[in-house]
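First the structure, in the form of structure tokens, and then the observations on it.
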2 protein chains.
Amino acid sequence: MEKHAAKAASMAGGEDEEERELSIRGLAAYQPYDGILALKMALAEFMRQIMQESVSFDPSQMVITSGATPAMEILSFCLADPGNAFLVPSPYYPGWDRDIKWRTGIELIPVPCRSTDNFNISITALEIAYNQAKKRGIKVRGVLISNPNNPTGSFVPKQTLHDLLEFAAEKNIHLISDEVFAGSTYGSGKFVSVAEVVDDLEDFDKGRVHIIYGLSKDLSLAGFRVGVIYSYNESIVTAAAKIARFSSVSTPTQRLLVAMLSDQKFIADYLKINRERLRKMYNLFVSALNKVGIECFKSSGGFYCWADMSKFIRSYSEKGERKLWDRLLEEAKVNVTPGSSCHCIEPGWFRCCFTTLSEHDIPVILERLRRVTDSHKS
Amino acid sequence: MEKHAAKAASMAGGEDEEERELSIRGLAAYQPYDGILALKMALAEFMRQIMQESVSFDPSQMVITSGATPAMEILSFCLADPGNAFLVPSPYYPGWDRDIKWRTGIELIPVPCRSTDNFNISITALEIAYNQAKKRGIKVRGVLISNPNNPTGSFVPKQTLHDLLEFAAEKNIHLISDEVFAGSTYGSGKFVSVAEVVDDLEDFDKGRVHIIYGLSKDLSLAGFRVGVIYSYNESIVTAAAKIARFSSVSTPTQRLLVAMLSDQKFIADYLKINRERLRKMYNLFVSALNKVGIECFKSSGGFYCWADMSKFIRSYSEKGERKLWDRLLEEAKVNVTPGSSCHCIEPGWFRCCFTTLSEHDIPVILERLRRVTDSHKS
């Protein structure tokens with residue numbers, strides 16, 4: 001019947017799933033809510049470039065949404081019911097508490113990583129958290145990580161990705177990897193996407209692996225609102241594509257991006273220059289912080305320094321951290337993210353974004369930070 | 001503290017709420033998720049034109065989303081909890097069962113209107129449905145209407161809007177009016193927005209009134225994905241603006257629309273020609289249906305004819321209607337929406353979209369419909 005329906009004179013109104021030619025009608029009329037095929041193809045190629053061609057992506061496993069934020073919400077909605085939970089190694093991106101929990105009713109269970117472990121993910125800690133949740137009657141549906149990590153800026157080691165996949169398989173749960181900073185790398189190590197690890201595995205149920213991506217970070221196009229759900233699970237792709245009707249990207253923007261992303265030379269140059277600039281600003285910024293006695297975690301990707309200011313807090317507690325944050329804001333006029341917002345259990349860590357600054361801002365920042373760090377000495 | 005924070009060197013990363021100048025940075029960087037002020041102003045003016053300048057709209061009461069579909073979902077999410085319900089005079093737009101219910105867990109309770117009443121909304125029927133829901137322990141949070149009505153194409157009379165507002169006030173519930181076809185009118189009567197009625201009332205709590213609008217219908221820009229929540233309730237506007245982060249319109253598209261909508265002459269010409277074309281196609285289409293013995297409800301706006309094909313169904317039941325729908329699709333190759341999908345309780349009504357057709361399609365449609373209508377005679 002569907003075949004007939006396709007040929008039938010359409011008086012049911014509304015949508016037409018097939019892609020139209022590039023014309024005003026191709027821009028103005030309804031298009032597939034989950035993104036036009038041309039953009040999926042361009043994004044698959046872009047993601048391949050981002051991952052330094054170590055892995056390829058299949059456009060048919062992709063759902064495009066108006067930003068990585070709704071991509072994460074829609075994927076979460078598809079994977080879990082209200083009251084279910086994801087285990088999230090912490091410190092983690094503070095926006096998740098809002099993006100995932102607000103409407104879906106899903107819980108996030110922070111699983112603390114420690115500075116003594118270089119904030120590496122501990123499978124043992126995940127195991128404990130999983131069992132504790134089970135005891136409390138909470139169904140854990142997955143593990144959620146960011147890689148490169150936000151806020152620490154570290155890459156998740158390949159072995160850890162293997163271990164996480166094994167853990168997910170053992171518990172029969174999902175693994176969600178948020179890789180929005182995959183192309184914003186500046187460290188010496190190599191970033192490894194979970195896609196690369198999954199491709200290496202045999203006899204592994206890939207259907208439990210999902211990647212979140214977007215253009216706000218790596219292509220600096222936050223205003224374009226383009227996010228991607230990339231899933232190895234056909235049912236999830238189908239469901240997410242349906243829900244994408246609540247979060248579509250306008251067709252003119254999609255067409256514009258197809259043109260931009262198809263310019264291979266521009267993209268290659270952009271990524272190269274972007275990485276160089278990130279590296280330069282990161283080094284400048286860390287040196288500046290060092291000058292006032294602030295040590296930073298060694299980051300490899302992303303827009304943030306993960307700075308240890310614990311020696312400047314007066315009581316070693318979340319309250320002490322908040323007080324220092326207040327002083328940084330009120331006295332130094334410097335706005336950073338306190339680690340407690342990222343569910344870091346060790347007080348005194350702060351996430352500092354260095355990509356909104358230019359070289360000329362560094363002396364200003366230094367002078368401002370000294371208002372707080374110097375007063376501490378006295 | 002917020003004042004200081006605004007002046008603070010921003011190293012917290014992410015967003016900047018203030019609008020930037022028109023530059024690549026003004027397009028590429030984060031903008032307010034609920035739409036840039038320039039577009040809100042342009043849309044407020046456009047809506048005023050659409051409503052034939054009988055009412056004005058305040059940009060600060062507006063939240064822009066990526067289509068009217070998410071506008072409806074977000075507004076519903078803000079007004080009701082899972083398990084709560086809206087009363088919906090039926091027949092109603094079949095998409096609501098999907099757009100509103102899928103993720104929010106809100107129930108829609110159809111409140112049947114009858115052909116003998118010209119499908120007018122009956123406050124008595126609403127009263128009965130409200131009390132029945134109450135008895136079943138279901139909390140009714142609002143009444144949801146479309147005006148111009150989808151599928152019947154009728155305007156909700158001004159007096160009915162008054163009665164609905166009175167009903168909402170009496171029950172202390174909300175009134176949501178979906179007015180996406182407000183500018184697509186072709187009938188002789190005058191369309192009256194609930195905004196106009198609300199403005200007339202004194203001592204009325206406007207905070208219970210909300211309008212859904214969008215550019216997919218009146219400006220034929222479905223591919224641009226632009227919807228509007230217009231609410232007289234400050235808390236709802238604030239909440240919806242926060243949730244708009246899951247459904248933002250890309251900034252290049254917003255800027256393009258600001259330019260388009262600011263061209264007053266183009267818009268005035270467009271609306272005039274669009275109405276003329278709608279009227280012409282409506283008349284042609286209805287005449288064609290009449291020729292094969294199908295009578296239509298007298299529509300005044302929207303893209304649909306509401307056609308009475310009850311005399312062609314063999315058993316006067318939903319099953320009979322579905323059988324006719326099958327034959328229309330399989331034998332006549334004509335795709336229409338059965339009334340039962342719109343929760344119409346009288347079998348044999350069909351919603352037929354005439355705006356996807358051109359004049360030259362009319363003879364084809366006629367010939368195809370005859371395959372079904374003629375066979376019925378024999």
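Below, read A as the first sequence line, B as the second, and so on, with proteins coming before strands; counting in each chain starts at 1.
Side-chain contact between B:Trp102 and A:Arg245 is present, with at least one heavy-atom pair separated by less than 4.5 Å. Contact check for B:Tyr30 versus A:Ser216: side-chain heavy atoms found under the 4.5 Å cut-off. Annotation: side chain of A:Pro91 is in contact with side chain of A:Trp306 (closest heavy-atom distance under 4.5 Å).
For the options B:Pro252, B:Cys305, B:Gly67, heavy-atom pairs under 4.5 Å to chain A are most numerous at B:Pro252. When the candidates B:Val226, B:Thr65, B:Leu219, B:Asp99 are compared by the number of heavy-atom contacts under 4.5 Å with chain A, B:Asp99 comes out ahead. Ranked by heavy-atom pairs shorter than 4.5 Å toward chain B, the options A:Leu256, A:Leu215, A:Ile243, A:Val249 are led by A:Ile243.
Partner of A:Tyr92 under the side chain to side chain donor-acceptor pair (under 3.5 Å) criterion, out of A:Asn150, A:Thr152, A:Asp97: A:Asp97 alone.
Every residue two or more places apart in sequence or in another chain that forms a ring-ring contact (aromatic ring centres under 6.0 Å, His included) with B:Phe303 is listed here: B:Phe181. Applying the side-chain contact (heavy atoms from CB on, under 4.5 Å) test to B:Ala307 and every residue at least two apart in sequence or in another chain returns B:Leu289, B:Ile294, B:Cys296, B:Met309, B:Cys352. The side-chain contact (heavy atoms from CB on, under 4.5 Å) search around A:Glu321 returns A:Pro338, A:Ser340, A:Pro347, A:Phe350, not counting sequence neighbours.
Atom CD1 of A:Ile36 sits about 4.5 Å away from atom CD of A:Gln254, to the nearest 0.5 Å.
With a 4.5 Å cut-off on non-hydrogen atoms, A:Ser220 touches chain B through its backbone but not through its side chain. There is no contact between A:Thr104 and chain B, counting heavy-atom distances below 4.5 Å. In this structure, chain A has no heavy atom under 4.5 Å from any part of B:Asp361. For chain A, no part of B:Thr355 is nearby; none of its heavy atoms comes within less than 4.5 Å. Contact of B:Thr253 with chain A is made through backbone and side chain together, with heavy-atom distances under 4.5 Å.
Atom NZ of A:Lys242 has 12 or fewer neighbouring heavy atoms from other residues, nucleotides or ligands inside a 6.0 Å radius.
Heavy-atom proximity under 4.5 angstrom to chain B picks out A:Glu73, A:Ile74, A:Phe77 from residues 71-82 of chain A.
A:Tyr270 and A:Phe266 have tilted rings, their planes meeting at an angle from 30° to 60° on a 0 to 90° scale.
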